[in-house]
**Q** 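Have a look at the structure that comes next, please.
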Amino acid sequence: MPPLAQRTLNVKPSPTLTLDAEVKAMKARGRKIVNLGVGEPDFETPDFIKEAAIKAVRDGFTRYTPSEGVLELREAVAAKFRRDNGLEYSPQEIVITCGGKHALYNVMQVLFGPGDEVVVPSPYWVTYPPQVHLAGAVPVTAATSGRDGYVLTPEALERAVTPRTRGVVINSPSNPTGMVYARENLLALAPVIERHGLWVISDDIYETLVYDGREFVNLPMACPELKDRTVICHGVSKTYSMTGWRIGFLAAPREVAGAVTRVQSQMTSNPCSIAQKAALAALTGPTEPMIRMRETFDARRKLILKLLKAVPGFETPAPSGAFYVFPDVTGLLGRKLAGETADTSDALASILLRECEVAAIPGSGFGAEGALRFSYAASEDEITEGLGRIAKLVAAAG
Ligand SMILES: *Cc1c(COP(=O)(O)O)cnc(C)c1O
């Protein structure tokens with residue numbers, strides 16, 4: 001067989017999606033796995049959104065749309081940014097994409113190329129480094145620590161910057177840590193971003209999932225003068241429990257939005273016409289179902305934090321956003337659990353899966369060895385059961 005392109009050989013499959021597939025297969029074989037590895041809401045898409053899609057099909061809205069998405073939806077996205085964020089974007093500065101991940105992919109393709117470096121704060125979402133690689137550029141990690149609330153400090157950003165640096169990724173609320181940037185955190189980064197002339201990719205996908213009365217703030221909200229060097233990537237997947245519909249969107253300076261549209265026109269033509277109608281309903285419809293989902297997540301967050309606190313060896317900074325907790329588990333590494341010693345978070349995650357039938361994602365995939373990511377996009381019963389099994393295992397280890 002002739003060789004494959006080098007570019008694709010370097011791409012590893014998403015560790016989170018790989019684990020999810022494994023867990024689903026184990027469940028299909030009858031194993032009672034408590035899946036705290038998932039990265040998607042466990043709610044149904046609200047009915048009024050499903051109805052809009054059914055209506056789109058019945059109305060024959062089943063053909064190509066403009067590559068950048070239908071105008072009505074781009075207007076609804078612009079209205080969302082005006083209403084929720086106080087940010088003015090014209091529909092020409094909005095592009096609808098095939099999911100939030102695709103918005104990020106497109107932006108990386110348009111902004112970065114060979115020779116460029118992009119700063120990715122760690123722990124990072126698993127997808128950023130491969131997407132930077134696929135653009136031909138090099139991801140440079142800037143470590144953040146639990147002590148700083150996993151927020152990128154200006155000093156850490158400055159240390160990561162070289163003359164080749166073209167951009168930085170900011171994800172708040174964060175996957176995997178659940179941490180939320182405060183206005184002051186962003187204001188502190190602004191001078192460094194400006195001095196080095198960086199692009200900022202602001203991944204706002206978890207915007208609506210913030211708790212403890214915290215306010216969601218992104219870079220252009222904190223520093224309006226940096227709006228023209230920021231691209232906001234967003235989507236409906238997490239807010240409306242619409243992961244399978246594959247609709248994302250981005251807001252960017254017109255030149256960037258135009259370049260993304262050209263790339264997209266050669267790659268996917270347009271996002272699914274039916275899903276665009278569903279997303280339009282989501283963005284313009286009643287907000288009560290989403291408020292209820294957030295309240296449910298918040299109750300689960302409090303529950304999982306309480307249960308984790310009771311297990312020795314788990315040090316869990318309290319997150320204020322998304323649906324993840326990211327405990328430091330270094331206290332358990334090197335100790336005997338169920339007759340086996342886990343020296344890495346990968347090994348610990350496999351012991352938990354095998355001995356407790358609880359799925360969690362090892363920190364290594366997020367560039368943070370010594371931690372585990374638990375998702376609380378699971379019922380309170382599942383969370384209680386899963387953490388109960390882990391507590392038992394750790395207690396038995398003495
Ligand atoms: C889920 C997620 C996305 C986007 O997901 P899509 O399903 O592609 O819309 C983007 N960024 C982060 C950090 C995520 O967790």
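The chain is numbered in sequence order, starting from 1. First listed ligand is number 1; within each ligand, the first listed atom is number 1.
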**Q** Atoms of ligand 1 less than 4.0 Å from S237 heavy atoms?
**A**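 Every atom of ligand 1 under 4.0 Å from some heavy atom of S237: 6 (P), 7 (O), 9 (O).
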**Q** Starting from atom 7 (O) of ligand 1, find the nearest protein heavy-atom neighbour and note its residue, name and distance.
**A**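 So the nearest neighbour among protein heavy atoms is R246 NH1, 2.8 Å.
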**Q** So, is the end of the K227 side chain (NZ or CZ) under 6.0 Å from the ring centre of Y89 and within 45° of the ring's axis?
**A**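 Yes, K227 lies over the aromatic ring of Y89.
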**Q** Is E295 salt-bridged to R300, cutoff N-O under 4.0 Å?
**A**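 Here E295 does not pair with R300 in a salt bridge, since their nearest N and O are not under 4.0 Å apart.
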**Q** Give the atom numbers and elements of ligand 1 that come within less than 4.0 Å of a heavy atom of N175.
**A**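 Answer, ordered by atom number: 13 (C), 15 (O).
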**Q** Identify, by atom number and element, the atoms of ligand 1 in contact range of N171, meaning under 4.0 Å from any of its heavy atoms.
**A**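 Atoms satisfying the 4.0 Å criterion: 13 (C).
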**Q** So, K27 and N35: side-chain donor and acceptor under 3.5 Å apart, yes or no?
**A**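 Result is no, nothing qualifies.
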**Q** Atom 15 (O) of ligand 1: which protein heavy atom is closest, and how many Å away?
**A**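 In this structure, atom 15 (O) of ligand 1 has Y206 OH, 2.7 Å as its nearest protein heavy atom.
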**Q** Is the F297 ring parallel, tilted or perpendicular to the F43 ring (thresholds 30°, 60°)?
**A**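 Geometry flag for F43 against F297: perpendicular rings.
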**Q** Show which atoms of ligand 1 fall inside a sub-4.0 Å distance from at least one heavy-atom site of G99.
**A**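 The list of qualifying atoms is 8 (O), 9 (O).
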**Q** Which of the numbered atoms in ligand 1 are under 4.0 angstrom from any heavy atom belonging to K101?
**A**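 In order of numbering, the contacting atoms are 4 (C), 6 (P), 8 (O).
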**Q** Could you identify the single nearest non-hydrogen protein atom to atom 11 (N) of ligand 1 and state the distance to 0.1 Å?
**A**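 Protein heavy atom at minimum distance: D203 OD2, 2.6 Å.
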**Q** If you measure only the distance, is there a donor-acceptor pair under 3.5 Å linking the side chains of S379 and D381?
**A**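 The criterion, which ignores hydrogens and geometry beyond distance, is not satisfied for D381 and S379.
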**Q** I'd like to know if the side chain of D328 and the backbone of E315 have a donor-acceptor N/O pair within less than 3.5 Å.
**A**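 No, D328 side chain to E315 backbone: no donor-acceptor pair under 3.5 Å.
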**Q** Please confirm whether H102 approaches ligand 1 to less than 4.0 Å, judged on its heavy atoms.
**A**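 False for this residue.
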**Q** Kindly identify the option in G100, G244, G248, G235 whose heavy atom sits closest to atom 9 (O) of ligand 1.
**A**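 Minimum heavy-atom distance to atom 9 (O) of ligand 1 goes to G100.
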**Q** I'd like to know if the side chain of S350 and the backbone of D346 have a donor-acceptor N/O pair within less than 3.5 Å.
**A**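 Side chain of S350 to backbone of D346, a donor-acceptor pair under 3.5 Å: yes, one is there.
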**Q** Which heavy atom of the protein is the closest neighbour of atom 14 (C) of ligand 1, given with residue, atom name and distance?
**A**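 Protein heavy atom at minimum distance: K238 NZ, 3.0 Å.
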**Q** Please name the pair of heavy atoms, one in L219 and one in I193, separated by the smallest distance, quoted to 0.1 Å.
**A**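 Heavy-atom minimum between the residues: CD2-CD1, 4.2 Å.
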